[in-house]
Amino acid sequence: MAQNPQNRHSPSIPRDAQIEKEVENTLKGMTLDDKVGQMLQLDLGQLGRQTFAMKGGRLEMGWSIDSLKLDSTIARYRVGSILNVPGTALTLGEFQKAVPVMQDISMRNLGIPTIYGLDQNHGASYVQGATIFPQPIALAATFNPSLATVMGQICAYESRAADCPWVFNPTLDLGRDPRWSRIWESYGEDPLLESEMARALVRGYQGDDPNHLGKYNVAVSVKHYFGYGAPFSGKDRTPAYISEPMLRQKYFEPFKAAIEAGALTVMVNSASINGVPVHASHRFLTEWLKEDLNWDGMILTDWADIDNLYTREKVAKDKKDAIRIAINAGIDMSMDPYSTDFCVLLKELVEEGAVSMERIDDAVRRILRVKYRLGLFDMPDSNPDDYPLFACDSFAMKSLDAALEAEILLKNNGILPLKEGTRILLAGPNANSMRCLNGGWTYTWQGSNTEDIARHYNTIYEAMCNRFGKDNVILEQGVTYRESGSYDAENTPDIERAVAAAAEADVIVACIGENSYCETPGNLTDLWLSQNQRDLVKALAATGKPVVLILNEGRPRLVTDIEPLAGAVVDILLPGNYGADALAMLLAGDANFSGKLPCTYPKEINSLINYDYKVSEQTSTMAGAYDYDAKVTQMWPFGFGLSYTAFEYSDLRIDKAEFAPGDFITLSVNVRNTGRMAGKESVLFYSSDLVASIVPDCRRLCSFEKVSLEPGESRTVKATIPVSSLAFVGADGKWVLEKGDFVFTCGGMSVPATCTADKKWDSPNILD
């Protein structure tokens with residue numbers, strides 16, 4: 001699964017001549033007011049009202065669109081896009097009533113359909129009743145891109161059922177800093193893993209033809225372009241400082257992969273890189289993305305981020321100046337949710353000559369092109385009768401399958417699987433919560449109303465009762481979250497009650513971790529798991545009963561002091577609505593663990609490291625009086641995950657002992673299931689460049705494949721990769737492959753090979 005080279009002169013999406021003709025014809029008939037209006041996106045919550053109704057003697061609140069307000073807004077400001085929900089996920093029926101109204105008003109006033117978008121982060125998560133999958137970090141733990149494709153297909157189907165043709169997903173910010181509050185929205189720390197997930201998701205969402213999306217497809221908006229996940233402070237939406245080689249080689253690659261796969265839109269990083277806000281960077285938006293990739297898609301801001309150029313980043317003097325900078329940099333549509341000032345100010349800028357009509361026409365072409373590719377001019381609305389499978393059992397099974405492959409066994413001294421009839425004490429704040437299983441972007445921004453909407457799914461407690469029998473499961477949490485206030489607030493603990501309950505149990509299952517959060521409200525100042533939760537585990541372990549730790553978290557929280565107290569550790573990350581059912585099956589041995597960590601799990605706060613660290617980050621003790629060293633520590637490494645069976649690797653081979661820059665090489669390894677249970681194994685191939693002109697990474701993931709093996713079954717796993725994918729970005733910002741020695745590793749084995757020639761590429765993209 002190595003990345004495919006691409007020629008920069010080939011368009012990322014071959015254009016359809018008829019669509020281009022229709023775009024030009026529509027553009028010719030538009031006034032300046034029409035054009036700047038198309039470049040604005042407003043929040044749906046500003047265009048509706050709360051409704052109240054009595055049902056069975058109970059007052060129920062709902063929401064409906066305000067057609068008069070919407071009509072006057074579109075008629076006056078010619079608005080081209082609407083996003084979001086009014087606080088909480090709407091029902092399918094509410095969407096099917098609201099969206100046709102906005103499309104009817106838009107077509108009547110403008111002759112141009114609106115494009116409506118939602119943050120569907122892990123399934124159609126803003127549509128009540130839709131199928132919710134594991135969050136991206138958990139999906140990445142499967143190392144199975146086919147599951148990502150399935151999630152994309154089901155999310156697209158259920159989003160279109162709700163008349164939403166555009167999703168702000170996938171999130172492709174590399175999750176390389178566990179302090180960051182949005183690491184769970186990423187697909188881990190490795191650019192290849194994230195790139196393969198990106199390709200799979202784009203195919204799932206958009207289908208195979210990005211020029212002609214069908215009624216079961218949605219347009220994607222890959223986000224947040226780019227470097228957003230590397231804040232120097234660890235706090236959300238704060239500056240990143242990233243070297244040119246790192247920026248090009250690691251952070252840009254997943255977005256490039258998504259563009260190559262046909263992604264139609266991109267959402268931009270809210271913060272700055274090396275002092276330059278990305279929303280203000282012509283280099284990043286126009287040169288790298290549009291020109292270098294020859295991409296004709298549309299660039300969207302994040303939430304009110306043009307305003308941030310003057311309110312926070314201080315690179316503009318006021319809103320008008322900020323709009324000038326952002327539009328000239330390459331922004332095509334402004335997510336300015338609460339204000340129509342954008343239209344007025346942008347029109348003034350055009351009339352003053354500060355923004356050219358050429359730039360306006362380019363932006364509007366890109367917006368219209370997406371709408372034509374979605375078929376919205378011909379069919380602005382979905383037909384509800386076309387979506388009979390919404391929230392069907394087969395979709396639910398796909399989500400369960402993903403959760404089964406996502407949950408990771410990190411430690412097992414033989415306590416798992418749990419035997420039938422085992423008396424289980426279920427403790428910890430995450431033991432009886434749907435909110436904790438799902439995380440943010442689930443029905444609400446912070447995931448805080450999940451308990452009400454997802455009450456017919458199973459918490460860990462309910463799933464364990466279903467599998468092991470209610471009489472065998474004791475719930476005494478000891479520590480609970482306080483649901484008002486910040487996400488990490490906890491009630492006064494009652495650890496002694498949990499300790500007392502342990503006397504009646506054979507084994508303790510401690511469900512610890514984090515409550516749901518999202519973005520800046522999820523910032524933290526301490527990576528350690530909370531003191532209350534660690535005290536709970538220590539007290540429970542002191543009873544002498546065996547302890548199983550269940551880590552239910554959006555990022556790896558430090559557990560170094562309590563891990564030795566556990567006989568088994570399982571990290572379920574954020575597995576979604578069926579995550580508890582999957583966990584019960586796995587703990588019982590009804591299914592086998594196959595998840596692997598998509599990011600390094602740290603051991604110490606001062607040793608935050610990624611698996612592909614530079615070789616000089618770890619050094620042995622120097623001889624002589626200058627006695628020092630540098631040791632890389634980690635709790636569990638990237639790619640680590642255990643199983644109930646055992647896999648034996650043998651006979652790692654490479655088909656070429658010497659290779660040239662234009663070659664392909666094939667690695668192969670034999671994998672055998674030597675245990676007594678069927679299992680799935682993610683086979684990870686790594687490359688190491690031993691000597692380079694800049695300090696090399698210690699290793700890089702160069703290919704991976706997940707295989708399923710019955711007991712005693714063997715398989716030869718092969719990986720064919722272009723030699724160009726072994727290149728790196730040099731100090732001059734250009735891709736280079738240098739002659740010299742490489743080592744390839746897999747399953748604890750290694751094989752050497754040599755590159756026989758140098759090659760440097762002038763293009764920012766790797767070429768054959």
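Taking all atoms of both residues into account, the shortest heavy-atom contact from P145 to A200 is O-CB, 3.2 Å. Contact detail for V276 and S281: the closest heavy-atom pair is CG1-CB, 3.9 Å. Across all their heavy atoms, G204 and N217 have their closest contact at O-ND2, 4.4 Å. Contact detail for P231 and T238: the closest heavy-atom pair is CB-OG1, 3.3 Å. The shortest heavy-atom contact between S159 and A124 is OG-CB, 3.9 Å. Scanning all heavy atoms of the two residues, the minimum distance from T442 to T450 falls at O-OG1, 3.3 Å.
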Under the criterion side chain to side chain contact (heavy atoms under 4.5 Å, CB included), I'd like the reasoning laid out for L524 against D488: C-alpha separation, chi angles, the key distance, then a yes or no. CA-CA 9 Å; L524 49 67; D488 56 352; 5.8 Å; no
ring-ring contact (aromatic ring centres under 6.0 Å, His included), that's the test. Do W303 and Y338 meet it? Break it down for me. CA-CA 10 Å; W303 190 271; Y338 305 134; 5.5 Å; yes
Carefully, step by step, assess D119 and N169 under the rule side-chain hydrogen bond (donor to acceptor under 3.5 Å, both in side chains). CA-CA 7 Å; D119 285 286; N169 208 41; over 6 Å; no
Residue pair E291, T286: steps toward the side-chain hydrogen bond (donor to acceptor under 3.5 Å, both in side chains) verdict: CA-CA 6 Å; E291 295 176 357; T286 297; 5.8 Å; no
Given the rule in the side chain to side chain contact (heavy atoms under 4.5 Å, CB included) test, do I259 and V202 qualify, once you have shown the distances and angles that lead to the verdict? CA-CA 9 Å; I259 296 299; V202 171; over 6 Å; no
Start with the C-alpha gap between E185 and H122, add the side-chain angles, then the distance that decides, and say whether side chain to side chain contact (heavy atoms under 4.5 Å, CB included) holds. CA-CA 9 Å; E185 296 184 58; H122 59 131; over 6 Å; no
Between D190 and Y611, is a side-chain hydrogen bond (donor to acceptor under 3.5 Å, both in side chains) present by the stated rule, with each step listed? CA-CA 8 Å; D190 177 68; Y611 87 93; 2.4 Å; yes
Please report the C-alpha distance between D361 and R366 in whole Å, then the side-chain angles of each, then the deciding distance to 0.1 Å, and finally whether the salt bridge (charged side-chain N to carboxylate O under 4.0 Å, His left out) criterion is met. CA-CA 9 Å; D361 285 347; R366 292 170 181 272; over 6 Å; no
How far apart are the C-alpha atoms of K223 and D302, what are their side-chain angles, what is the distance that settles it, and do they pass the salt bridge (charged side-chain N to carboxylate O under 4.0 Å, His left out) test? CA-CA 9 Å; K223 61 184 186 183; D302 205 341; over 6 Å; no
Audit row: W445, E519, side-chain hydrogen bond (donor to acceptor under 3.5 Å, both in side chains) steps and yes/no: CA-CA 9 Å; W445 177 38; E519 299 187 39; 3.0 Å; yes
Full working for side chain to side chain contact (heavy atoms under 4.5 Å, CB included) between Y126 and V85: CA-CA 7 Å; Y126 268 126; V85 294; 3.5 Å; yes
Where do E253 and R248 land on the salt bridge (charged side-chain N to carboxylate O under 4.0 Å, His left out) test, with the steps shown first? CA-CA 7 Å; E253 283 297 290; R248 174 70 77 181; over 6 Å; no
Hey, mind stepping through R365 and D362 against salt bridge (charged side-chain N to carboxylate O under 4.0 Å, His left out) and telling me if it holds? CA-CA 5 Å; R365 274 191 194 94; D362 173 62; 5.4 Å; no
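Formation of a donor-acceptor pair under 3.5 Å by the K290 side chain with backbone atoms of G330 is found in this model. Distance alone, capped at 3.5 Å, places no donor-acceptor pair between the S125 side chain and the Y443 backbone. The main-chain N or O of T265 is never found under 3.5 Å from a side-chain atom of W295 such that the two would form a donor-acceptor pair.
Between L551 and I572 the shortest side-chain heavy-atom distance does not fall below 4.5 Å. For the pair F728 and Q249, the minimum side-chain heavy-atom distance is below 4.5 Å. Inter-residue side-chain proximity for Q46 and P337 is flagged as unmet; no heavy-atom pair is nearer than 4.5 Å. Looking at L147 and K398, their side chains never come closer than 4.5 Å, going by heavy atoms from C-beta outward. At least one side-chain heavy atom of L42 sits under 4.5 Å from a side-chain heavy atom of T340. Taking 4.5 Å as the limit, some side-chain heavy atom of L374 sits within range of a side-chain heavy atom of R160. Inter-residue side-chain proximity for L437 and L574 is flagged as unmet; no heavy-atom pair is nearer than 4.5 Å. In this structure, L349 and I323 have side chains that are in contact, with non-hydrogen atoms separated by less than 4.5 Å.
Going from atom OH of Y228 over to atom OG of S186 covers 12.0 Å, rounded to the nearest 0.5 Å. Taking CG of N274 as the reference point, atom CD of E244 lies at 8.0 Å (rounded to 0.5 Å). Distance check: T444 OG1 to R435 CZ gives 7.5 Å after rounding to the nearest 0.5 Å. Note that CE of M197 is 9.5 Å distant from CD of E194, once rounded to the nearest 0.5 Å. Of the inter-residue distances, the one linking T311 atom OG1 with D318 atom CG reads 11.5 Å to the nearest 0.5 angstrom. Note that CG of L300 is 15.0 Å distant from OH of Y225, once rounded to the nearest 0.5 Å.
When ring centroids are compared, F226 and Y251 stay outside the 6.0 Å threshold.
No donor-acceptor contact under 3.5 angstrom links the side chains of T142 and E405, judged on distance only. In this structure, a donor-acceptor pair under 3.5 Å is absent between the side chains of D336 and Q41. In the model, N577 has a side-chain atom that pairs as donor or acceptor with a side-chain atom of N438 under 3.5 Å.
Under the 30°/60° scheme for interplanar angles, the aromatic rings of F284 and W288 are found to stand perpendicular. In this structure, F95 and Y116 have tilted ring planes: the angle between them lies in the 30° to 60° band. The aromatic rings of Y517 and Y487 sit tilted relative to each other, their planes meeting at an angle between 30° and 60°.
For the side-chain hydrogen bond (donor to acceptor under 3.5 Å, both in side chains) with H224, the qualifying choice from T171, N269, D173 is D173, the only one to do so. The only member of D236, T301, D305, N308 that meets side-chain hydrogen bond (donor to acceptor under 3.5 Å, both in side chains) when paired with S270 is D305.
Between R179 and D177 there is a salt bridge, since a side-chain N of the basic residue sits under 4.0 Å from a carboxylate O of the acidic one. Electrostatic pairing of R557 and D571 does not count as a salt bridge here, judged by no charged N lying under 4.0 Å from a carboxylate O.
For K320, the NZ atom sits in a packed shell: over 12 heavy atoms of surrounding residues, nucleotides or ligands are nearer than 6.0 Å.
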